[in-house]
Amino acid sequence: MNDLRKKLTVIPERCSGCRVCELVCAIAHTGVNNPKKARIKIISLYPHPVIKMPIVCEQCKKPKCRDVCPTDAIVVNDGVVTILEDKCMSCHACVSACPIGAIFIHEDIDTPFKCDMCGGDPECARACPKKAILYIPEHTLGQSHRLKAALQYAHMQEVEYYEKGVKKKLRYAEVETGGTRGDNNEN
């Protein structure tokens, strides 16, 4: 397939919260072992059930961060949303505008920063030991949303799937009883 666009996607159920993705990202982009300088962040939500989830730019087709930038410092090139540091005035409007919180700031870095897909070979996806971060063809992204909707409806606890021709099972956390079908608390 020619020019197959790929994107990062996250499977939160697989994330162990090890933060290897943050470390490899920070080292690749800043040369230092400081996860606070990574272009991906793991959030942890407590109490039970504990949720650990990588937050990474979704490379929106119509990025809100670009729309609010007063200096046109945010552009989309080959499907990757990029902050042009030389045009950025560090007003942080993009940080506030990002609907998933995937644009970050750090006191040692002059401008906001975000995932740049590592030039087409994302370090985080390659390093993730649990394969919670995948770099997959864009046209397959909807499959994870359809699967999630079906699992919520059916209250399934595991699903079989094929990856590179190999049959695998993905087990989900135990589903609490008492909810109604179609409940969705994630907006």
Side-chain angles (χ1 to χ4, degrees), residues 5-60 63-66 68-69 71 73-138 140-141 144 163-164 168 170-173 186:
R5 288 205 192 266
K6 293 176 110 179
K7 283 194 166 188
L8 287 170
T9 192
V10 171
I11 303 174
E13 295 86 356
R14 291 184 181 176
C15 181
S16 68
C18 70
R19 292 179 149 54
V20 168
C21 57
E22 291 180 352
L23 293 174
V24 298
C25 178
I27 291 168
H29 287 87
T30 64
V32 296
N33 185 359
N34 183 346
K36 292 180 180 179
K37 294 182 179 181
R39 276 99 175 117
I40 184 171
K41 302 284 188 228
I42 302 299
I43 60 166
S44 299
L45 303 175
Y46 300 95
H48 185 73
V50 175
I51 298 169
K52 297 177 188 284
M53 184 169 154
I55 301 296
V56 64
C57 179
E58 294 180 352
Q59 310 299 340
C60 302
K64 292 181 187 216
C65 58
R66 178 191 61 193
V68 301
C69 182
T71 60
I74 299 178
V75 297
V76 180
N77 291 320
D78 295 324
V80 179
V81 179
T82 304
I83 298 173
L84 304 174
E85 294 178 19
D86 59 330
K87 292 181 80 175
C88 179
M89 63 183 230
S90 294
C91 68
H92 301 167
C94 57
V95 176
S96 299
C98 179
I100 63 166
I103 300 178
F104 311 105
I105 55 175
H106 188 279
E107 61 188 15
D108 294 343
I109 300 173
D110 292 335
T111 59
F113 51 94
K114 57 170 290 308
C115 175
D116 62 5
M117 307 280 277
C118 294
D121 189 17
E123 297 285 337
C124 58
R126 289 192 311 126
C128 181
K130 298 289 191 174
K131 301 297 179 210
I133 306 165
L134 302 174
Y135 188 51
I136 59 173
E138 189 175 46
T140 64
L141 288 175
S144 63
E163 184 174 295
K164 296 183 181 178
K168 295 185 176 188
L170 180 61
R171 290 182 183 9
Y172 291 87
E186 299 173 8

- Message: I need the Glu22 CD to Asn34 CG distance, nearest 0.5 Å.
- Response: 10.0 Å

- At what distance, to the nearest 0.5 angstrom, does CD of Glu163 lie from CD1 of Ile136? 10.0 Å

- Message: I need the minimum non-hydrogen distance between Cys65 and Ile74, along with the two atoms involved.
- Response: O-CD1, 3.5 Å

- Query: So how far is it from Lys37 NZ to His29 NE2, rounded to the nearest 0.5 Å?
  - Reply: 13.5 Å

- Item | Pairs satisfying side chain to side chain donor-acceptor pair (under 3.5 Å), at least one member in residues 88-105, at least two apart | none

- Task: Could you tell me which non-hydrogen atom of Val68 sits nearest to which non-hydrogen atom of Ala93, and how far apart they are?
- Result: CG2-O, 3.6 Å

- Message: Please check this pair: side chain of Lys7 against backbone of Gln59, looking for a donor-acceptor N/O pair closer than 3.5 Å.
- Response: yes

- What are the two closest non-hydrogen atoms of Cys57 and Ala102, and how far apart are they? N-CB, 3.5 Å

- Item | Nearest-0.5 Å distance, NZ of residue Lys52 to CD of residue Glu13 | 14.5 Å

- Task: Could you list all the salt bridge (charged side-chain N to carboxylate O under 4.0 Å, His left out) pairs where at least one residue sits in residues 86-107, not counting sequence neighbours?
- Result: none

- Query: Does the Lys41 side chain pair with the main chain of Ile103, one donor and one acceptor, at a distance under 3.5 Å?
  - Reply: no

- Task: Please round to the nearest 0.5 Å and tell me the distance separating atom OG1 of Thr30 and atom CG of Asn33.
- Result: 9.0 Å

- Item | Lys130 NZ: over 12 foreign heavy atoms closer than 6.0 Å | no

- Take atom NZ in Lys64; do more than 12 heavy atoms of anything else shown fall under 6.0 Å from it? no

- Message: If you define the side chain from C-beta out and look only at heavy atoms, does anything of Cys124 sit under 4.5 Å from Pro54?
- Response: no

- Task: State, to 0.1 Å, how close Gly120 and Tyr135 come at their nearest heavy-atom pair, and which atoms those are.
- Result: O-CE2, 3.2 Å

- Query: How far apart are the closest heavy atoms of Ile42 and Cys21, and which atoms are they?
  - Reply: CD1-SG, 3.5 Å

- Item | Spacing of Glu85 atom CD and Thr111 atom OG1 [to the nearest 0.5 Å] | 4.0 Å

- Query: Do you know which two heavy atoms are closest between Gly101 and Ile55, and how far apart they sit?
  - Reply: O-CG2, 3.9 Å

- Run through Thr9, Leu8, Thr140, Val10 and flag the one making a side chain to side chain contact (heavy atoms under 4.5 Å, CB included) with Leu134. Thr9

Per-pair distances, 0.1 Å, donor-acceptor, side chain in residues 76-84, under 3.5 Å, sequence neighbours excluded:
| from | atom 1 | to | atom 2 | distance (Å) |
| --- | --- | --- | --- | --- |
| Thr82 | OG1 | Val80 | O | 3.4 |

- Begin from the C-alpha positions of Asp116 and Arg39 and carry the test salt bridge (Lys or Arg N to Asp or Glu O under 4.0 Å) through to its verdict. CA-CA 8 Å; Asp116 62 5; Arg39 276 99 175 117; 5.6 Å; no

- Message: Has Arg5 got a side-chain atom pairing as donor or acceptor with Glu138's backbone, closer than 3.5 angstrom?
- Response: no

